[in-house]
Amino acid sequence: MSDLWTSGIAVVECPRPLPVGFQHALARKLTDELAAEAVSFNASDAEVGGSIIHSLALARGVAGVAIGTVADFLSDPGLEGTAFVVDGVTREAVSVWGALLRTLVLERKRQAITSGPYLVVLAPTGLGKDDARRLRGAVTPRKMIGTVTSLDTGAWVAASGIRIGAGIIERLAVATVIEVAAWSRELLELGLAWDEEDQLAPISRLQVLAGSRSWPYPCWENGLVDLWDDVPVPHAAAAVAHNLLDEIDRRVWAAQARALLPMVDAVRRGLIRKYLDELERHASPEHPYVKQINDRVLRYDSPWQFEWYEILTLLEPHMSLDERNGALAFKRARDWLSHGKPAANSQLYQLSEWWERLADSLPASVPGWDWPRAGQRLMMTVGPSASGKSNWAASQGHPVVSTESITLELHGSLSVSDLGQTFRVARNRAGDLLRTGSDVVLDATHIGSSDRVRNAKMVPNDLPVEYVVIDRDPSEDISSQGMGKTVLAEVPRLQFQDREEGCLAGDSLPNVRVIDLRNINR
């Protein structure tokens, strides 16, 4: 519209046939931005050798006898609020129209006219460089290209009332239709009516469409190629008709990459989050994980930097069979996509099944996002063995998740050096209870700060966590405790006393309150 403001003339290069709705959209824009009424004018109907300005005036209902010159045309009050949209200029008439446009620009400048009438000329296709320059003169042409993006296509799908499901397959099906149809509304409407199998793998449908008519070789001028997100994209049926099958594979791959890669990474990060305690043993700022690839040396100082190879290798002894097989499936999906290869429907359905099996078992990146805000508390016992924690937990009248009971359940013995699995199960069970709005007591020693903090952070910052510090009176008769259990408790008790400062400060977590029962009970 800036060209019309400055010179009253706009030359627009458009494909033919004109896109459906183009004339209506242009008329609306002229009304909204220039307060001008659009009048369509078919230049091929103008009288050969006649006056173009007379023909334009007559198309607006203004008598041509009152208009003898270009100056009369520009100053006629009946034409002031008019924008003529001119189409159908033939190659033979290019010079005549070009001369008129130059005269209109000069006369508007001479009279300092800032209002209508305006001329929007839709340039004919197939013009060589000289003819194109002859038509437009000093006016810079505006090319109608790349006006539809993936955001526009997606917005149209949403506005049409189509809602995408929550599963991988539903998202992939619609994403593939959008990517394959690209800027073509006709193809988008067809694709959205296909069944799910054809939406995921549309080549057979496109072959039928390609054989339904004679498709010219796709180019911008015939309306079968346009920029879509800055990439030249041919109409899919025309591409198939001319054996440009790699283009269809590329679009199916692009849809899969767009829909699947975030989910692949969600599983990768979910596994890291779930097994962070295990993975931190292998990668930390103090002890980075070193990996050599040919002559490159990579150093990872955080588990969040790990790729699938490291996750599968380092967590092999800890993951369940389901987790390992699911992780392998998502790794393979990442490998296909990283090499630009679309996956077959059977692979997609298998991946969807793994997503359904794994998604709920992996911790969310936002803790407690789906919990009710009912004021539920996580109460964590802190103190050495044989200090009365379990008795206190049982007396509270709330559900108790005991790491000691879980260890016996998993291993049949308390003589286990690695409690990583125990704590993961404990967090899951405690989280399930908190999700219902219930208070929970997590009964464990929690002497180690890393385990304590990890368990506390399962609760979002807007819900309370209580560290309940419990220990027996050191002067209590050792025989009353049972010699073996009490002796075993002495080392962790001393360790906790040496490091209790962080615990008593709530480990600097904003939602932790510390209840120290040691002084109360003595």
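The figures that follow rest on heavy atoms only: side chains count, while hydrogens, waters and symmetry mates do not. Remember, predicted model here, so these are calculated numbers, not experimental data.
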Trainee: Check for a donor-acceptor pair, side chain of D131 on one end and backbone N or O of L127 on the other, with a separation under 3.5 Å.
Mentor: no
Trainee: Could you check whether any side-chain N or O of E196 sits under 3.5 Å from a backbone N or O of A173, counting only pairs where one atom can act as donor and the other as acceptor?
Mentor: no
Trainee: Between Q292 (side chain only) and N294 (backbone N and O only), is there a donor and an acceptor less than 3.5 Å apart?
Mentor: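 Present.
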Trainee: Could you check whether atom NZ of K291 has more than 12 heavy atoms from other residues, nucleotides or ligands sitting under 6.0 Å from it?
Mentor: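 Yes - once you tally the heavy atoms of other residues, nucleotides and ligands closer than 6.0 Å, there are more than 12.
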Trainee: May I ask you to check whether over 12 heavy atoms, not counting those of D370, lie within 6.0 Å of atom CG?
Mentor: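 Yes, because the 6.0 Å sphere around CG of D370 holds more than 12 heavy atoms from other groups.
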Trainee: Hey, does the side chain of R171 reach the backbone of A259 with a donor-acceptor pair shorter than 3.5 angstrom?
Mentor: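 Side chain of R171 to backbone of A259, a donor-acceptor pair under 3.5 Å: no, none is there.
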Trainee: Does CZ in R435 sit with more than 12 non-hydrogen atoms of other residues, nucleotides or ligands closer than 6.0 Å?
Mentor: yes
Trainee: Which is it for D130 and R134 under the salt bridge (charged side-chain N to carboxylate O under 4.0 Å, His left out) test, yes or no, and what are the steps along the way?
Mentor: CA-CA 6 Å; D130 292 340; R134 196 173 292 120; 5.3 Å; no
Trainee: Sub-3.5 Å donor-acceptor pair from the side chain of Q256 to the main-chain atoms of P342, do we have one?
Mentor: no
Trainee: So, for L279 and I272, which heavy atoms are closest and what is the spacing to 0.1 Å?
Mentor: CD1-CA, 3.8 Å
Trainee: Are the ring centres of H242 and Y217 closer than 6.0 Å?
Mentor: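 Here the rings of Y217 and H242 have centres that are less than 6.0 Å from each other.
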Trainee: Okay, side chain of E356, backbone of E353: is any donor-acceptor separation there less than 3.5 Å?
Mentor: no
Trainee: Measure from NZ or CZ of R213 to the centre of the six-membered ring of W215 and say whether it is under 6.0 Å with the direction within 45° of the ring axis.
Mentor: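 Relative to the ring axis of W215, which defines the angle, R213 lies inside both limits.
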Trainee: Output yes when D32 and K29 qualify as a salt bridge under the 4.0 Å nitrogen-oxygen rule, no when they do not.
Mentor: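 Salt bridge between D32 and K29, a charged N being under 4.0 Å from a carboxylate O: no.
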Trainee: Does S150 offer a backbone N or O that forms a donor-acceptor pair with the side chain of D229 under 3.5 Å?
Mentor: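 Yes, because the side chain of D229 sits within donor-acceptor range (under 3.5 Å) of the backbone of S150.
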Trainee: Parallel, tilted or perpendicular: which describes the rings of Y300 and F306, with under 30° parallel and over 60° perpendicular?
Mentor: perpendicular
Trainee: Report the C-alpha distance between R16 and T125 in whole Å, list the side-chain angles of each, state the deciding distance to 0.1 Å, and finish with yes or no for side-chain hydrogen bond (donor to acceptor under 3.5 Å, both in side chains).
Mentor: CA-CA 7 Å; R16 296 298 192 283; T125 57; over 6 Å; no
Trainee: Among all residues two or more places apart in sequence or in another chain, which pass the side chain to side chain donor-acceptor pair (under 3.5 Å) test with S352?
Mentor: none
Trainee: Would you find more than 12 non-hydrogen atoms of other residues, nucleotides or ligands less than 6.0 Å from W253 atom CH2?
Mentor: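 No.
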Trainee: Taking everything shown except D195 itself, do over 12 heavy atoms lie less than 6.0 Å from its CG?
Mentor: yes
Trainee: For the residue pair R357 and W354, would you count it as a cation-pi contact if the rule is NZ or CZ under 6.0 angstrom from the ring centre and within 45 degrees of the ring axis?
Mentor: yes
Trainee: Between S338 and D335, does any side-chain donor sit less than 3.5 Å from a side-chain acceptor?
Mentor: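 No, D335 and S338 have no side-chain donor paired with an acceptor closer than 3.5 Å.
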